[in-house]
Amino acid sequence: MIGRQQGNNSETAMAFVLTDEQLLLQKSAATVAERADGVADPHRHMLLAAEAGWLSLMVPERAGGGGLGMTEMALVLEQAGRGQMQGPLAACSVTAYAIGIGRAATVREKTLEDLVAGKRIIVPALQDPAASEDAQEPITAMPFHYGYQLSGQRSRVPFAAEADAFLIDARTSDGSIMVIIPRDIHGVEVSESETKEGRHSGIVTFSDASMMSDEWLIAGVKQGKALTEACHDRLLLGTSAEMLGLIERASRGCPAATLAVKDRTAIDRLRSLLYEACAAFDAKRGRRSMAAAVKAEASEAVLDVAGSVARTQDPAGISGDFDVDLFLKRAAALSDSYGDAALHRARLAELEEREAAAADGTTKRRRRPRRKKSIFARAVSR
């Protein structure tokens, strides 16, 4: 249970009181992040995270995971941000979550085991189901033998260069499904582009990439859209937690005069918004607008703090363990990952309008014509 904090400890003030178990997790995560600090090796960071059990935190216990929520994941990723850890920590954690709760997951055992052990990198290349038609990049799944052929593309996919496979949503004639597609199969191409921090994002293109019905399926049409939304929101919250930790590191490593009052206020506001949203999602009352609001706030705050750090006139006062160049690159990359502040401000307005209309009962359900069910529509809970 999370409640309002009454203490005044500036180092641990988080706007909420954590349970004993959450405090222990936070402390152990800080220890792992300290081990990674100063070592610019994303592969090493992923192995440290895997050894600590971070990648399986949100996987249900029935699937062999920690069975914890978004709050615990955010606590861990916040510490990872403080340690300037690199690598697809949030991305792989969300993929593991999807595999763990996917009712039609046919790749659960070996794939999930390798993923949470840090042996494979499987990153989401998901589209926001609420995106406007103009902004959508649909991937279609056409029936083919005992499975489907996938066609379409996704752009600006973080960590595409490092990925062994991609978690994607695709459209069938019956609705949206979620699948994992290895990058080395015929019909999958990754075009890489270098980011501001020297890492890579890319465009993932599917040209009649074939998959069988008993391979790589995570969710059928009954669960596909809802699971895509859940994963998309958790990506935003997880990335925001990393940004929170990153700017907390800047506030600790720079002279007191470097950050303006508005920067420190932004840190407190972001922390409050993040953990309120995480608690709401864990209580199954989270709204998509909450995740959009947090990501917009985080993307804006991290760039504001980066600007203050870049303008500092007292480099001699910067802590020796604070790498300014790495901080600036990480800030730029994380701010842009999965959409910048402007994009999520616009999403926030649209989502709030839709949620208000749904609450008022003013949305109308349209009858969809009956179509022949695809093989994925028959996927059942395992």
### Message
I'd like to check M178 versus C231 (side-chain heavy atoms, cut-off strictly below 4.5 Å). Are they in contact?
### Response
yes
### Task
Looking only at non-hydrogen atoms, find the nearest pair between T239 and S337 and report the distance.
CG2-CB, 4.3 Å
#### Entry: CD1-CZ distance between I180 and R120, expressed to the nearest 0.5 angstrom
8.0 Å
### Query
Given side chains that start at C-beta, do those of C92 and L115 come closer than 4.5 Å, heavy atoms only?
yes
### Message
Any side-chain to backbone donor/acceptor pair from S201 onto R156? Under 3.5 Å, distance only.
### Response
no
### Query
Are any of the side-chain nitrogens in D164 or R183 under 4.0 Å away from the carboxylate oxygens of its partner?
no
### Task
Might you point out which heavy atoms bring L227 and G102 nearest each other, and give the distance in Å?
CD2-CA, 4.2 Å
List, one per line, each side-chain donor-acceptor pair under 3.5 Å for residues 38-51, sequence neighbours excluded.
{"from": "D41", "atom 1": "OD1", "to": "H43", "atom 2": "N", "distance (Å)": "3.1"}
{"from": "D41", "atom 1": "OD1", "to": "R44", "atom 2": "N", "distance (Å)": "3.2"}
{"from": "H45", "atom 1": "ND1", "to": "Q86", "atom 2": "N", "distance (Å)": "2.9"}
{"from": "H45", "atom 1": "NE2", "to": "A36", "atom 2": "O", "distance (Å)": "3.4"}
{"from": "H45", "atom 1": "NE2", "to": "V39", "atom 2": "O", "distance (Å)": "2.6"}

### Query
Which of these passes side-chain contact (heavy atoms from CB on, under 4.5 Å) with L237: M73, M290, M70?
M70
### Task
Output the distance between atom CG (L23) and atom CG (L75), rounded to the nearest 0.5 Å.
8.5 Å
### Message
Using 30° and 60° as the class boundaries, would you call the ring planes of F166 and F206 parallel, tilted or perpendicular?
### Response
perpendicular
### Query
Is it true that a side-chain atom of S299 and a backbone atom of S335 form a donor plus acceptor pair closer than 3.5 Å?
yes
### Query
Does any non-hydrogen side-chain atom of M211 lie less than 4.5 Å from one of I181?
yes
